[in-house]
Amino acid sequence: MEVGDRVKVQGMTGLVVALISEGKFAESHPAEQWAYLKVGTLIMTDEAGLIHYPSFNGIEVERIAS
């Protein structure tokens, strides 16, 4: 999974906007705003807006497009 990938997670679709643990952030979600979370992934979902997933343990994530 990379920043910019479209994914399906927990029945929602969205765009990966940050891989916090790896220090990778989309321009729309800069490190200065989100690095304080230290770990996890930010996904801008179509259904619920921005969601922070600290981990994907027990959660299935499917990449739709890169």
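What you see below is based on every heavy atom in this structure, not just the backbone, and it leaves out hydrogens, waters and symmetry mates.
Looking at every heavy atom in both residues, Met1 comes nearest to Val7 through SD-CG1, 4.4 Å. When all heavy atoms of Thr13 and Glu47 are compared, the closest pair comes out as N-OE1, 3.1 Å.
Judged by distance alone, with hydrogens and angles left aside, the side-chain atoms of His52 form a donor-acceptor pair with the main-chain N or O of Val39 at under 3.5 Å.
Taking hydrophobic clusters as Ile, Leu, Val, Met, Phe, Trp and Tyr residues chained together by side-chain heavy-atom distances below 4.5 Å, Phe56 shares a cluster with Met12. Neither Ile64 nor Val61 shares a network with the other; the hydrophobic side chains, linked directly or stepwise wherever heavy atoms of I, L, V, M, F, W or Y lie under 4.5 Å apart, form separate groups for each.
Side-chain atoms of Ile51 and Leu42, non-hydrogen and from C-beta on, never get closer than 4.5 Å to each other.
In this structure, CE in Met44 is found 3.5 Å from NE2 in His29, a value given to the nearest 0.5 Å. Atom OG1 of residue Thr45 and atom CG of residue Leu15 lie 10.5 Å apart, to the nearest 0.5 angstrom. Expressed to the nearest 0.5 Å, how far NZ of Lys38 lies from OG of Ser21 amounts to 11.0 Å. Separation of atoms OG1 (Thr41) and CD1 (Ile20) is listed at 7.0 Å; rounding is to 0.5 Å.
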- [ ] Test side chain to side chain contact (heavy atoms under 4.5 Å, CB included) on Ile43 and Leu50 and set out the steps.
- [x] CA-CA 6 Å; Ile43 299 177; Leu50 187 64; over 6 Å; no

TODO: Apply side chain to side chain contact (heavy atoms under 4.5 Å, CB included) to the pair Val9 and Tyr53, showing each step before the final yes or no.
DONE: CA-CA 10 Å; Val9 57; Tyr53 291 93; 3.7 Å; yes

Task: Full working for side chain to side chain contact (heavy atoms under 4.5 Å, CB included) between Gln10 and Ile59 - done: CA-CA 7 Å; Gln10 294 186 306; Ile59 299 173; 3.8 Å; yes

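Arg6 has a carboxylate O that lies under 4.0 Å from a charged side-chain N of Asp46, or vice versa, which qualifies the two as a salt bridge.
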